**Q** 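Okay, handing you the structure first.
Keep in mind that this is a model prediction, so the values were computed, not measured.
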Amino acid sequence: MALSVAMAVDATASTSNRWSMASLWSALPSSSKSAASTMRFPSSRCQCPRQSISLSRTRRQQQQRPVLTRSFTALNPLSSSSLGFSDNSTFGYAFPSVDNGSRFFAMRHGRRVPKLNRPPDQRRALLRGLTTQLLKHGRIKTTRARASAMRKYVDKMITLAKDGSLHKRRQALGFIYEKQIVHALFAEVPDRYGERNGGYTRIIRTLPRRGDNAPMAYIELV
């Protein structure tokens, strides 16, 4: 009995369920435009006609627009009005970018200047101190990166001492911290390295440092 009643109701609904545009707008509640724009029609095929789907196509396209994140306005090469947005959106909408969760660094192909995790003034002071200690003691223990970085400065000081002029002596005094080491260097270098053209230092690798496992090495004068 109930099955026959349901079939009769479906038959009458299929014949009378032909809506037009005027009947659709008349069926909407008389409220503000914002409320009418936020209404949702049922998505089942039996209850929603084809005309209502075509009517809300533009609304679905607006909802499928990608969500943009806020960013600093100075980074935006295009104004927000030119993109059609009233808020300050990121420039990723106009320029595609790849974010893999890592930091971006400038490409340093040659790496001619070892940074040693220090700014330029502190890095120069560190290299000057290491050069002074090596010329004073003849052999020191430091990390491999520092030993490789200070090697060319030690060779340069010995090259200045081989020349022996007053100008070269003043250049060495401006780099080495202790004055007595400069005078002793200019007095001993011509006899010790007079026949050698470069390669005045030697780096010997040793065990890593205890604590942070940093690679260590001895650097000494040949």
**Q** Indicate the atoms forming the closest heavy-atom contact of P190 with L185, along with that distance.
**A**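 Scanning both residues, the minimum pair turns out to be CD-O, 4.5 Å.
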**Q** Measure the shortest side-chain to side-chain distance between L116 and L127 over non-hydrogen atoms and say whether it is less than 4.5 angstrom.
**A**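 Yes, at least one pair of side-chain atoms sits under 4.5 Å.
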**Q** Check whether more than 12 heavy atoms from other residues, nucleotides or ligands sit under 6.0 Å from atom CG of N117, and answer yes or no.
**A**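 Atom CG in N117 is not crowded, with 12 or fewer foreign heavy atoms closer than 6.0 Å.
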**Q** Return the minimal non-hydrogen interatomic distance between N213 and P208, and the atom names on each side.
**A**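 Scanning both residues completely, I find the closest heavy atoms to be OD1-CB, 3.1 Å.
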**Q** Looking at T201, is its backbone amide N or carbonyl O close enough to the side chain of R151 to form a donor-acceptor pair, meaning the two atoms are under 3.5 Å apart?
**A**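 Confirmed, R151 side chain pairs with T201 backbone.
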**Q** Which pair of non-hydrogen atoms, one from R118 and one from R146, has the smallest distance, and what is that distance?
**A**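 It is NH2-NH2, 3.4 Å.
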**Q** I'd like to check I203 versus S148 (side-chain heavy atoms, cut-off strictly below 4.5 Å). Are they in contact?
**A**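 Yes, side chains in contact.
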**Q** Between M157 and T131, which heavy-atom pair has the shortest distance, and what is it?
**A**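 Smallest interatomic distance, heavy atoms only, reads CG-CG2, 4.1 Å.
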**Q** Indicate if M150 and L221 have the same hydrophobic cluster label, given that clusters are the connected sets of ILVMFWY residues with side-chain heavy-atom separations under 4.5 angstrom.
**A**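 Yes: a chain of side-chain contacts under 4.5 Å links M150 to L221.
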**Q** Heavy-atom distance under 4.5 Å between the side chains of M216 and L207, does that happen here?
**A**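 Contact flag for M216/L207 side chains = no.
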**Q** For residues 133-140, please give each side-chain donor-acceptor pair under 3.5 Å, one per line with the distance, not counting sequence neighbours.
**A**
residue, atom, partner, partner atom, Å
Q133, OE1, H137, NE2, 3.1

**Q** Looking at residues at least two apart in the chain, or sitting in another chain, which of them share a side-chain hydrogen bond (donor to acceptor under 3.5 Å, both in side chains) with R202?
**A**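 With sequence neighbours excluded, R202 shows a side-chain hydrogen bond (donor to acceptor under 3.5 Å, both in side chains) to E220, given in chain and number order.
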**Q** T132: which residues meet the side-chain hydrogen bond (donor to acceptor under 3.5 Å, both in side chains) condition with it, sequence neighbours left out?
**A**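 Once residues adjacent in sequence are excluded, T132 has no partner under the side-chain hydrogen bond (donor to acceptor under 3.5 Å, both in side chains) criterion.
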**Q** Does R192 have any side-chain hydrogen bond (donor to acceptor under 3.5 Å, both in side chains) partners at least two apart in sequence or in another chain, and if so, which?
**A**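 R192 satisfies side-chain hydrogen bond (donor to acceptor under 3.5 Å, both in side chains) with no residue once adjacent residues are dropped.
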**Q** Would you list the atom pairs, donor with acceptor, under 3.5 Å between side chains in residues 159-178 and any protein atom, with sequence neighbours excluded?
**A**
residue, atom, partner, partner atom, Å
T159, OG1, D155, O, 2.7
K162, NZ, Y193, O, 3.3
K162, NZ, R196, O, 2.7
K162, NZ, Y200, OH, 3.2
D163, OD1, S165, N, 3.3
D163, OD1, S165, OG, 2.8
S165, OG, K168, N, 3.4
H167, NE2, Q171, NE2, 2.9
R169, NH1, H183, ND1, 3.0

**Q** Among Ile, Leu, Val, Met, Phe, Trp and Tyr joined by side-chain contacts under 4.5 Å, find the other residues sharing a cluster with I204 and list them by chain and number.
**A**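 Members alongside I204: Y218.
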